[in-house]
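First the proteins, then the strands, lettered A, B, ... as listed; each starts at 1. Quick caveat, the model's predicted, so the values are computed rather than measured.
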Amino acid sequence: MGLKNKDLLGMKQLTPEEIMEILDTARMMKMVIESGNKKTTHLQGKSIVTLFYENSTRTRLSFELASKYMGSASANISTSGSSVNKGESLLDTARTIDMMGTDIIIMRHNQSGAPHFIAPYLKASVVNAGDGMNEHPTQALLDMLTMYERFDTFEGKKIAICGDIYHSRVVRSNAIGLTKLGANVSVYGPRTMMPIGIEKMGVTVADSVIDCCRDADAVMGLRVQLERQKSSLFPSVPEYAKFYAITKEALAAAKPDAFLMHPGPCNHGVELPTEVYDCDQSVINEQVTNGVAVRMAVLYLLMARRNEL
Amino acid sequence: MRLILTNCSVLGKETRDIYIADGKFCEAFGEADADRIIDVKGALVTPGLVDMHVHFREPGQEYKEDIGSGSRAAARGGFTSVCCMPNTSPVVDNAAVVRSIVKRGKDVGLCRVYPIGSASKGLNGEELSEIGLMKEAGIVAVSDDGKPISTAGFMRKVLEYCADFDVPVLNHCEDKSLSGGAMNEGPVSTSIGIRGIPSASEDVMIARDIIIAEYLGLPVHLCHVSTKGGMRMIREAKARGVRVTCETCPHYFTLTDNYCENYSSNYKMHPPLGTQEDVDAVIEAIVDGTVDCIVTDHAPHHQDEKEIEFSLALNGIVGLESSFALAYTYLVKTGKITLDRLMDLMCHNPSDILKLGRGGMNIGDDADLAVFDIDNEFVFDKNKMLTKGRNTPYDGWKLYGETMLTVMGGNITYEKLC
Ligand SMILES: [Zn+2]
C-alpha cells in the first residue's frame with residue numbers, strides 16, 4: 001500500500017498499478033467529500049506546505065482543502081515570478097521549508113523539472129502541482145478519475161485532446177497516464193502549437209478537430225493562452241475559434257455517450273463555444289470535485305508509504 | 001632547464017629519448033648536464049595540444065575562471081596552447097584588453113594564451129571592432145562567440161575587413177530567431193517539457209556562412225558544429241572548394257539529448273546535445289576529414305549558475321581536462337581514426353588555421369609536448385580538476401589517456417607523479 005517513490009513528480013514515475021491505486025483510493029475519498037462530515041484523520045499530525053511560484057486559484061485551493069479535510073496542518077507560500085530574481089534560490093527556499101519539519105511540499109513552478117531538481121535534496125515528499133510545460137500529474141489523475149467513474153477499463157478507449165498541445169503540461173501528464181493504462185490518445189491543435197516528436201509519447205496526431213474527436217469516448221479541450229497570439233502561434237481569436245475550437249459538430253463526431261472535459265479555466269468562445277461548455281455531455285464541474293478527491297488520495301498514499309518505512 | 005625524457009613512445013611510432021634545453025628540442029646531451037631526467041616508461045608522447053576555443057573568463061568574471069586556473073586546467077589536459085574567446089567583461093574589442101590578456105598569460109606561464117578579438121564592438125553585432133590594432137597587439141582571430149555574427153550583411157563586412165589583415169573569422173552558428181530553447185528540439189524535449197532548439201537554427205547559420213564565404217572567395221571557420229545537416233553542408237562546400245573549416249567538441253561525439261532527461265544542467269550547452277543521428281554524423285565527419293579541429297569550448301561557470309532549474313542554468317561545460325581522454329577513448333581506441341589524425345585535429349590543424357606555428361617536435365622547435373598513459377583505464381573525477389568550474393558531465397567516466405606530464409617551452413607545466 002502506498003506509493004513506491006518518496007515524491008510524486010509526474011505520471012512518468014508512476015506504474016499502472018500505482019495509478020489504479022490512486023484512482024481507487026480517490027473514489028473512497030470522494031465519499032468523504034460528499035458526506036456531511038468532511039473530516040478524516042488520515043493526515044493528522046502531518047505538516048503540508050504549498051509553495052506556488054505561479055498564480056493558481058483552483059489547484060491551490062483544491063490541495064488546501066484536500067489536506068484540511070484529512071486533518072493536516074498546512075501553510076502556504078506564494079511568490080510570483082522566478083525565485084532567482086527574488087534573490088533566494090529555489091533550493092534554499094525548499095531546504096528551509098524542509099527543515100521546519102514539513103512532510104509534504106506541494107510545488108508549482110514555471111520551470112520544467114524544478115520539482116525534480118529539488119526533490120533529491122529534501123526529506124519531505126514533493127508533489128508536483130505543475131512544472132512549466134512538463135507535467136501536472138494530479139490534473140491528469142483527476143481527469144482519469146472522471147473517466148474511470150464512467151469506464152470499467154481504460155483499455156482501448158479513445159481520448160481526444162484538442163488545443164495548445166505544445167505548452168500544455170496537462171496533455172503530457174494525460175498522454176503518459178492514459179497510454180500506460182492502454183487508452184488511445186489522439187491530439188490536435190495548430191501545427192505551431194504541436195511539439196515535434198509528440199507521437200513518440202504514444203499518441204496519435206489527428207488531421208482536424210473532427211478527425212481527433214471521431215469515435216472518441218472522451219473529449220478534452222485545453223485552455224489557449226491568448227498572449228500566444230503575440231508570438232505568431234495563431235493569428236486571431238475568431239480564426240482560432242473557427243478552425244480549432246471543439247464545436248458541436250466536432251463533439252457529435254465522438255461516440256454518443258462521450259463526455260467533454262476541460263482543465264479550466266476556460267476561455268468561452270475560444271477553445272469551447274459556450275453552448276458546448278454548458279451542454280449535457282460536459283462534466284467540467286464534476287472534474288473540480290474529483291480534483292479534491294484525487295489530491296486527498298495522493299497525499300494519503302504518499303504518507304502511507306512513509307508510515308511503513 | 002635542461003630536461004631528458006627517457007623511453008618516450010613518440011606518437012606511438014618509435015621509442016626514444018627526448019632532450020630539451022633553453023625551451024627547445026635539442027640534440028642529445030649527457031645525463032650529467034641534465035637538471036632533470038624523467039623516465040616516462042614507454043608512455044605516449046605527443047606535441048603539446050592546441051585548443052582554439054576556450055573561455056577563460058578574464059577579465060571580469062574571475063569567479064568562474066581566470067587565466068591562472070584556466071592555464072592549469074589546460075596543462076592538466078595536455079594543452080600547451082589555447083585561444084580565448086572575447087566574451088569577457090569588458091569584451092576583448094580593443095588592443096588594451098588584448099595586451100593585458102597576453103601579459104597575464106605570459107606571467108602565469110603555464111600555457112601559450114592567444115586572445116581572440118571580438119568581431120563587433122562590445123559584441124553589438126553592428127560596428128567593427130578595431131581588428132587591425134588588435135592584430136598588432138596579438139589576436140589570432142576574431143569571433144563574437146557566445147553569439148553568432150548577427151546579420152548576413154555584417155558577416156560580409158567582417159570577412160572582407162579581416163581579409164585585409166589576414167585575421168581568421170570564427171563564427172558561432174545559431175539563428176537566434178529559431179533558437180530560444182534550452183535543449184535540442186525533438187522527442188526528448190517534448191517529453192520532458194523543455195523548450196526546444198531546432199537543429200535548423202545551427203544549419204541555417206552554417207548555410208548562410210558558406211554562401212557568403214563562397215561568394216566572396218574568403219575563408220570562414222565554423223565553431224562547435226554539432227548537427228548532421230551542418231556536417232553535410234560543410235562536406236559539400238569543401239568538395240567544391242569553398243574555404244570553410246570547422247571544429248567540433250568531445251560532447252558532440254560522446255553525448256546525446258537523452259542525457260537531458262533528468263534535467264541536469266551539466267548536459268546544457270550551446271549548440272545543444274543532438275540525437276544519436278547527429279552523434280553518428282559528427283563521428284563520420286571526423287573520420288572523413290570534414291571536421292578540421294576538436295576543441296573543448298571550455299566554459300566554466302559557478303555552481304550558482306549551473307545547479308539551478310534547467311532552463312535558467314547557463315550554457316556550457318568545462319572540457320580541457322577531459323578532452324584528450326574522451327577523443328582518445330572514443331575515436332582512436334575504437335579504431336575510428338589513427339593517432340596521427342587525432343594529432344591533426346587537436347594540434348596541427350588549429351595551429352595551421354590560426355597560423356600559430358605549433359606542433360613541431362624537431363630539433364630547434366619550441367619544446368611543447370604532452371605525455372599520456374593510454375594503456376591504463378582511469379576514472380575521471382570532477383573533484384580533481386584544476387579549473388574553477390565543476391560543470392562536467394563526465395564525472396565517474398572510465399577513460400584512457402590520462403595526462404602524465406605536460407611541457408611548454410621547455411618547462412614542466414603539469415606533472416602527475418609517475
Ligand atoms: Zn559558441
query: Is a side-chain N or O of B:Thr190 found less than 3.5 angstrom from the main chain of A:Ile196, in a donor-acceptor match?
result: yes
message: With a 4.5 angstrom heavy-atom cut-off, is it the side chain or the backbone of A:Arg169 that approaches chain B, or both, or neither?
response: neither
message: Please determine whether the number of non-hydrogen atoms from other residues, nucleotides or ligands lying under 6.0 Å from atom NZ of B:Lys228 exceeds 12.
response: no
query: Is the number of heavy atoms from other residues, nucleotides or ligands under 6.0 Å of A:Glu199 CD greater than 12?
result: yes
Side-chain touch B:Glu309/A:Leu90, heavy atoms, less than 4.5 angstrom: yes
- request: Would you check if B:Asn262 and A:Phe117 make a side-chain contact, meaning some heavy-atom pair closer than 4.5 Å?
  value: no
- request: Report the C-alpha distance between A:Lys12 and B:Ser191 in whole Å, list the side-chain angles of each, state the deciding distance to 0.1 Å, and finish with yes or no for side chain to side chain contact (heavy atoms under 4.5 Å, CB included).
  value: CA-CA 10 Å; A:Lys12 282 191 196 86; B:Ser191 162; 3.3 Å; yes
Close side-chain approach of B:Phe310 to A:Ser112, heavy-atom, < 4.5 Å: no
- prompt: Can you find a pair of side-chain heavy atoms, one from A:Tyr166 and one from B:Arg195, that are under 4.5 Å apart?
  reply: yes
task: Among B:Ile194, B:Asp304, B:Ile192, B:Val188, single out the residue with the greatest number of heavy-atom pairs under 4.5 Å to chain A.
output: B:Ile192
statement: When rounded to the nearest 0.5 Å, the distance separating OG of B:Ser189 from CG of A:Asn134 is 11.0 Å
message: Assess the residue pair B:Leu312 and A:Gln111 against the criterion (side chain to side chain contact (heavy atoms under 4.5 Å, CB included)); give the C-alpha distance rounded to whole Å, side-chain angles, the decisive distance to 0.1 Å, and a yes or no.
response: CA-CA 8 Å; B:Leu312 303 178; A:Gln111 294 295 329; 3.4 Å; yes
